[in-house]
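The shown structure was predicted, so the numbers you read here are calculated from the model rather than taken from an experiment. Below, chain A is the first sequence line, B the second, and so on; all start at residue 1.
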There are 2 protein chains.
Amino acid sequence: MKNVNLKHLAEELGLSIATVSRALQDSHEVSAATKERVRALAAELRYEPNAYASSLRRNQSKTIGVVIPKVTNHFFALAINGIEEAARQSGYHVLIYLTHDDYAREAAIIQHLKGGRVDGILLSVASGTEDIAHLESLQDANIPLVFFDRVRTEIATARVTTNDYESGYRATEHLLEAGCQHIAHLLISNSLSIGHNRHQGYLDALAAHGRPYDPDLVLAGTIDNQRNVQLIEELLRSRPDIDGIFASVERLAVGTYHACQQLGRRIPEDIKIVGFSNLESVSLFDPPLTTITQPAHDIGYEAARILLQAVEKKRAVLPSQSVVLDSELVQRRSTATE
Amino acid sequence: MKNVNLKHLAEELGLSIATVSRALQDSHEVSAATKERVRALAAELRYEPNAYASSLRRNQSKTIGVVIPKVTNHFFALAINGIEEAARQSGYHVLIYLTHDDYAREAAIIQHLKGGRVDGILLSVASGTEDIAHLESLQDANIPLVFFDRVRTEIATARVTTNDYESGYRATEHLLEAGCQHIAHLLISNSLSIGHNRHQGYLDALAAHGRPYDPDLVLAGTIDNQRNVQLIEELLRSRPDIDGIFASVERLAVGTYHACQQLGRRIPEDIKIVGFSNLESVSLFDPPLTTITQPAHDIGYEAARILLQAVEKKRAVLPSQSVVLDSELVQRRSTATE
DNA sequence: CCGGCTATCGGAAACGTTTACGTAAATAAA
DNA sequence: TTTATTTACGTAAACGTTTCCGATAGCCGG
């Protein structure tokens with residue numbers, strides 16, 4: 001069975017292609033009776049408009065591109081959930097691209113998307129990204145861009161994040177209040193906005209409580225989780241005075257648990273831990289992990305909503321703005337005081 | 001800066017559109033010198049072909065659609081990873097659609113995709129899906145379909161799954177060997193292939209070890225996780241003789257942990273648990289969870305590869321075949337014997 | 001010198017829509 | 001009555017590619 005198209009319907013109905021097209025779009029230029037006839041036949045033959053012909057003609061694809069480092073990070077999985085929800089509500093489709101935190105891949109993806117395959121882009125930048133020329137050129141191509149979670153403030157556009165600074169501050173303060181004297185901070189690339197902001201919160205919380213800042217207690221993680229556990233073990237061994245750890249990303253919190261298991265450190269008696277995480281099952285950890293939990297779904301939903309608004313209004317470059325959704329500190333046993 | 005297209009390049013170079021197009025496709029019909037000139041200008045002007053014009057003309061979109069129940073299930077996140085990898089290697093794009101286990105949504109998505117937006121579809125069917133007419137009609141629309149994980153054998157096409165039956169058998173046997181006398185099975189919809197197969201493994205393992213089958217020990221979970229925990233609690237309360245639980249899906253394993261916490265049942269002393277799960281962090285659970293771990297990434301990768309092969313060869317309907325990748329039982333403390 | 005071949009290019013149709021424009025009839029305004 | 005205006009439809013151009021036909025020129029064998 002060949003695809004049924006407008007020409008098909010038009011011939012069958014004795015109408016012109018134009019009229020059929022208009023009827024299906026509920027145009028006021030076609031009589032109610034004709035509309036009904038057209039709709040009936042379209043339904044009967046299961047007519048589906050060719051998305052590409054439509055996109056080509058209208059110069060819009062009803063599709064947004066989502067470019068993220070990885071989908072196995074639960075934060076991004078939840079965010080995609082929110083994005084898909086917003087997109088579906090507006091009748092948009094979602095293309096997914098993974099950068100695997102590789103700059104070259106991110107640049108290639110963005111470059112390709114300038115071909116017009118998407119009407120807008122949601123991006124969480126790769127940790128390896130330094131140069132942002134590929135992002136700047138999006139403005140020229142008339143493709144709106146909205147950052148979420150991992151942003152670059154050099155580009156003037158909308159950004160949706162959580163309150164990274166305050167969360168870093170709160171996490172550190174929480175450890176201080178629990179009696180920790182030497183608090184380490186495990187983070188990913190400091191060039192990343194989230195790493196930087198959370199770290200600043202860590203620093204300011206220490207200062208506010210009159211604690212010295214010790215650069216040796218800051219560890220930048222790698223892509224490789226195995227390696228991270230090694231690095232954490234080394235850190236804990238070389239600095240046995242560490243009694244608190246703020247892991248600003250989920251895998252580093254998990255890595256810390258493993259390292260502590262290896263070294264026989266007890267949580268929370270010897271070391272207290274608070275980590276960013278969106279896994280529901282952290283409450284089943286041994287011990288349950290105190291977390292900074294991000295509103296991941298809402299971040300995705302909100303970012304998509306802002307992008308879609310811009311797309312619908314054909315505003316290629318949207319005003320520089322920051323939308324901040326608050327994370328929540330959920331206290332569990334990994335930071336219990338007794 | 002307006003979009004640069006073939007016409008632009010052609011005018012600038014004093015060539016025809018046809019020649020420029022052919023040059024960029026490395027056709028043998030254009031001289032090496034001209035190819036070089038064209039490529040140089042294209043690179044300089046950052047020419048990106050319009051994907052929609054190309055798709056319309058060639059009648060292929062270089063895009064595959066992935067239709068899954070949810071992305072927050074870690075299995076699917078890993079599978080997407082594999083799918084994206086295979087797609088990228090072949091120069092394909094990935095559209096994601098979530099059904100949220102809702103039949104109506106699945107049907108609507110499939111119907112829409114028949115418009116030609118994708119060259120092929122990877123599907124893991126929703127638990128609510130009974131009727132499969134929408135899937136059968138895909139064959140008419142010339143769109144190849146490959147199932148992964150949650151399959152429907154009524155449709156003759158390729159299926160990529162894990163060895164659900166054997167895994168159910170192994171899990172149950174493992175509990176029996178650990179000394180469990182009354183083993184409950186928690187599953188999702190029995191109409192689903194995976195639920196059915198895993199359950200059959202459970203039944204056969206019981207029979208093979210001369211244990212009676214007690215229907216009261218089988219619990220079908222719901223979409224709502226809160227409710228599931230309630231149901232599990234009720235089950236454990238009404239049948240205090242239960243000393244082993246086989247959870248054939250991750251959330252039910254997690255739900256069981258929560259229920260046991262509520263009821264003060266000790267794992268593994270009072271109840272031993274084995275569950276399907278792909279979370280790396282189950283090793284941090286209290287106690288670490290014995291799991292059946294699926295090769296989720298490989299399942300996605302393999303399914304995508306099979307689909308892409310069919311797409312490239314323009315084989316709309318592919319031969320009925322089952323590819324089975326083995327899961328692995330990873331023994332941890334939740335089924336320890338002492 | 002002629003016919004056939006190859007190499008290299010251009011013209012134009014086609015993919016299926018959308019839409020600017022035109023037109024005929026019907027209706028309203030004068 | 002005549003003249004606008006509205007209603008309902010058709011014609012055809014356009015979106016940017018790809019590709020089917022040529023067409024021209026050069027070359028070679030006969």
Look at all strands and tell whether [X] reaches a base, only sugar-phosphate, or nothing, counting heavy atoms closer than 4.0 Å.
{"X": "Gly116(A)", "answer": "nothing"}
{"X": "Asn59(B)", "answer": "nothing"}
{"X": "Ser55(B)", "answer": "nothing"}
{"X": "Gly115(B)", "answer": "nothing"}

Q | Main-chain N/O of Leu98(A) paired with Glu84(B) side-chain donor or acceptor, under 3.5 Å | A | yes
Q | Salt-bridge present (Lys70(B), Asp101(B); N to O < 4.0 Å) | A | no
(Q) Any carboxylate oxygen within less than 4.0 angstrom of a Lys/Arg side-chain nitrogen, looking at Arg39(B) and Asp26(B)? (A) yes
Q. Looking only at heavy atoms, which two atoms of Glu130(A) and Tyr103(A) are closest? And how far apart?
A. N-CD1, 4.4 Å
Q) Are any of Ser31(B)'s side-chain N or O atoms less than 4.0 Å away from OP1 or OP2 of dC9(C)? A) yes
May I have the distance from [X] (atom [atom1]) to [N] (atom [atom2]), rounded to whole angstrom?
{"X": "Lys7(A)", "N": "dC15(C)", "atom1": "NZ", "atom2": "C1'", "answer": "10 Å"}
{"X": "Asn50(B)", "N": "dG16(C)", "atom1": "CG", "atom2": "P", "answer": "17 Å"}
{"X": "Tyr52(A)", "N": "dT17(D)", "atom1": "OH", "atom2": "C1'", "answer": "14 Å"}
{"X": "Leu56(A)", "N": "dA13(D)", "atom1": "CG", "atom2": "P", "answer": "17 Å"}
{"X": "Lys62(B)", "N": "dT18(D)", "atom1": "NZ", "atom2": "C1'", "answer": "14 Å"}
{"X": "His28(B)", "N": "dC9(C)", "atom1": "NE2", "atom2": "C1'", "answer": "13 Å"}
{"X": "Leu9(A)", "N": "dT17(C)", "atom1": "CG", "atom2": "C1'", "answer": "13 Å"}
{"X": "Arg117(B)", "N": "dT17(C)", "atom1": "CZ", "atom2": "P", "answer": "13 Å"}

(Q) Can you confirm whether Glu12(B) is buried at CD, in the sense that more than 12 heavy atoms of other residues, nucleotides or ligands lie under 6.0 Å from that atom? (A) no
Q.
Can you tell me which nucleotide in dG16(C), dT17(D), dG10(C) comes closest to the side chain of Ser16(B)?
A. dG10(C)
Q: Summarise how protein sits on nucleotides 18-27 of chain C as a single string, 5' to 3': B when a protein heavy atom is under 4.0 Å from the base, S for sugar-phosphate-only contact, - for no contact.
A: BBB-------
Q. If you round to the nearest 0.5 Å, how far is CG of Leu318(B) from CZ of Arg159(B)?
A. 10.5 Å
Q) With Leu122(B), which of Val66(B), Leu308(B), Val67(B) fulfils side-chain contact (heavy atoms from CB on, under 4.5 Å)? A) Val66(B)
